[in-house]
2 protein chains.
Amino acid sequence: MSQRMKNLTKRQEEILNLIKTHISDFGFPPTRADIAKTLGFKSPNAAEQHLRAIEKKGFIKILSGASRGIVLSESENNEIPVIGLVAAGGPILAQENIEKTIPKSRNLFSDDIDYYLRVKGDSMVDVGIYEEDLIGVSKSKDFKVGNVVVARINDEVTVKTLIEMSQTKVVLRPENQNYKDIIVNPETDELAIEGSCVALVRESI
Amino acid sequence: MSQRMKNLTKRQEEILNLIKTHISDFGFPPTRADIAKTLGFKSPNAAEQHLRAIEKKGFIKILSGASRGIVLSESENNEIPVIGLVAAGGPILAQENIEKTIPKSRNLFSDDIDYYLRVKGDSMVDVGIYEEDLIGVSKSKDFKVGNVVVARINDEVTVKTLIEMSQTKVVLRPENQNYKDIIVNPETDELAIEGSCVALVRESI
DNA sequence: CAATATACTGTATATAATTACAGTAAGTGT
DNA sequence: ACACTTACTGTAATTATATACAGTATATTG
């Protein structure tokens, strides 16, 4: 969420969702009257004023004079970032790491993807993950032993298979015979599992 | 294109494209007046009548009474088929091979993808193409030696790397040491290069 | 405590937009 | 030849829609 995007109230969020749902159901935005009817307002002006408030907060643009002229803003909310090189030290999703963004509406996958990470290096070739591939990462999905995960070890971000995970020992395996397992003690090393890899996209073969 | 979908005239196609462009530009369909203005009609009724004709042919649905109430039909035109197992003998895109479809609007790739093909077998693992992966195939893109292509050899569809191609000899290489090159003489064997692989999608890791 | 934001009702109006009706003209199919 | 389709102009009515103005009431904030 960018800085100039103030938070919506509960009601405003409800209306924004209604707009999105209407677009997805019909292919075009609702009228003020549509909104009023759906939410039980007795005046279309109630919808009008909510729209103004939502526009003021930057989530939509109202095209004056045009019927159904509600344009959703391209907020980060609707866009999945593609993370290129991760600068050491900062958070993965820092602005400087974002190579481009892909509209959420283009998501092909059933899982929710929080970001795509561009793969660097050949440490995962044995499971078919190649340099320059994009990995779809889910932050929320609970990861298990055996999953391919995005891990951060002492400020370095890496994609590996999670082999073992206990209080004192975490084993991350590169899927490439030329590399050795990474064994980390979470009590002495800084370790964070940032997310689980749920999908892969290769833009050129 | 389904049977009940009659062909559009040139002008009608122009108008359908205009509608699609307007939706992609603004997020909602044009009005009759918008169409008339863009195409230089002096009466919105010209647009109205074209819309009626296009609706009659099944490409759109007009919602009566609603402003901008033009709904694009989910024709195969807007959907990319995902091909599962290809039945021997028939065309790749035969209805019975289609596992599901993905809206074109969700295409992540710069190349035009005519269909996705679900990979069977492990003959391409050395270039990171695994069983169950989806390969984005472009029919139009001209394929060169070195490309991964979809080939049909005597009614069998296969994904391989194109190594050599001449009047009398075509070499297709499985990217897996356990398999041998496939050498075909196009003059004696039935061979067709169906398309070029331009993208890859893995729905689960 | 005054200003501002939220969340509406209620009325009204200008304008945006659909849509019917009446034509003209050229081309297509049977 | 006659019906039908395509491709428009021109006018106009009806309805759909945005949007202004005047209120009421509650909550938040500096």
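So you know, we letter chains A, B, ... as the sequences are listed, proteins then strands, and number each from 1.
Defining each end axis of the helix from C:dC1-D:dG30 to C:dT30-D:dA1 as the rotation carrying four pairs' C1' atoms onto the next four, with five pairs an end, the two axes are found to diverge by 40° to 10 degrees.
Of the residues in residues 40-54 of chain A, those placing a heavy atom less than 4.0 Å from an atom of DNA chain D are A:Pro44, A:Asn45, A:Glu48, A:Arg52, in numerical order.
Atom P of nucleotide C:dA20 and atom CD1 of B:Ile62 are separated by 10 Å, given to the nearest angstrom. Taking atom CG of A:Leu8 as the reference point, atom P of C:dT6 lies 10 Å away to the nearest angstrom. One atom, CD of A:Gln12, and another, C1' of C:dA5, lie 9 Å apart when rounded to the nearest Å. Straight-line distance from the CD atom of A:Glu13 to the P atom of C:dT6: 13 Å, rounded to whole Å. In this structure, B:Asp34 atom CG and C:dA17 atom P are separated by 6 Å, rounded to whole Å.
Legend: residues meeting salt bridge (charged side-chain N to carboxylate O under 4.0 Å, His left out) with B:Glu14, ordered by chain and number and at least two apart, are B:Arg11. The side chain to side chain donor-acceptor pair (under 3.5 Å) search around B:Asp122 returns B:Tyr179, not counting sequence neighbours. Remark: A:Thr161 pairs with A:Glu175 by the side chain to side chain donor-acceptor pair (under 3.5 Å) rule, at least two apart or across chains. Applying the salt bridge (charged side-chain N to carboxylate O under 4.0 Å, His left out) criterion to A:Asp133, with sequence neighbours excluded, gives A:Arg202. Shown here are the side chain to side chain donor-acceptor pair (under 3.5 Å) partners of A:Asp114, two or more places apart in sequence or in another chain: there are none. Not counting sequence neighbours, the partners of B:Val82 by the side-chain contact (heavy atoms from CB on, under 4.5 Å) test are B:Glu99, B:Lys100, B:Ile102, B:Tyr116, B:Arg118, B:Leu134. Residues forming a side-chain contact (heavy atoms from CB on, under 4.5 Å) with A:Ala53 (at least two apart in sequence, or on another chain): A:Gln12. Residues satisfying the salt bridge (charged side-chain N to carboxylate O under 4.0 Å, His left out) criterion with A:Lys139, sequence neighbours excluded, are absent altogether.
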Run the side-chain donor-acceptor check on residues 162-169 of chain A: report pairs under 3.5 Å with partners two or more places apart or on a different chain.
| from | atom 1 | to | atom 2 | distance (Å) |
| --- | --- | --- | --- | --- |
| A:Ser166 | OG | A:Thr168 | N | 3.4 |
| A:Ser166 | OG | A:Lys169 | N | 3.2 |
| A:Ser166 | OG | A:Lys169 | O | 3.3 |

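Which of C:dA17, C:dA7, C:dT19 sits closest to the side chain of B:Arg32 comes down to C:dT19.
Atom-to-atom distance recorded for A:Asp112:CG and A:Ser138:OG is 7.0 Å, nearest 0.5 angstrom.
Comparing B:Ala66 and B:Arg11, the nucleotide of DNA chain D nearest to each residue sits closer to the 5' end for B:Arg11. The 5' end of DNA chain D is approached more closely, in terms of each residue's nearest nucleotide, by B:Ile15 than by the other of B:Ile15 and B:Gly65.
In this model, the phosphate group of C:dA17 is approached by a side-chain N or O of A:Ser67 to a distance below 4.0 Å at OP1 or OP2. Note on A:Lys57: a side-chain N or O is less than 4.0 Å away from OP1 or OP2 of C:dT6. A sub-4.0 Å separation between OP1 or OP2 of C:dA7 and a side-chain N or O of A:Thr9 is present.
Taking each heavy atom of A:Tyr130 and B:Gly128 in turn, the nearest pair found is OH-N, 2.9 Å.
Taking the 5' to 3' direction, DNA chain D first and last meets chain A under 4.0 angstrom from a heavy atom at D:dT17 to D:dA22.
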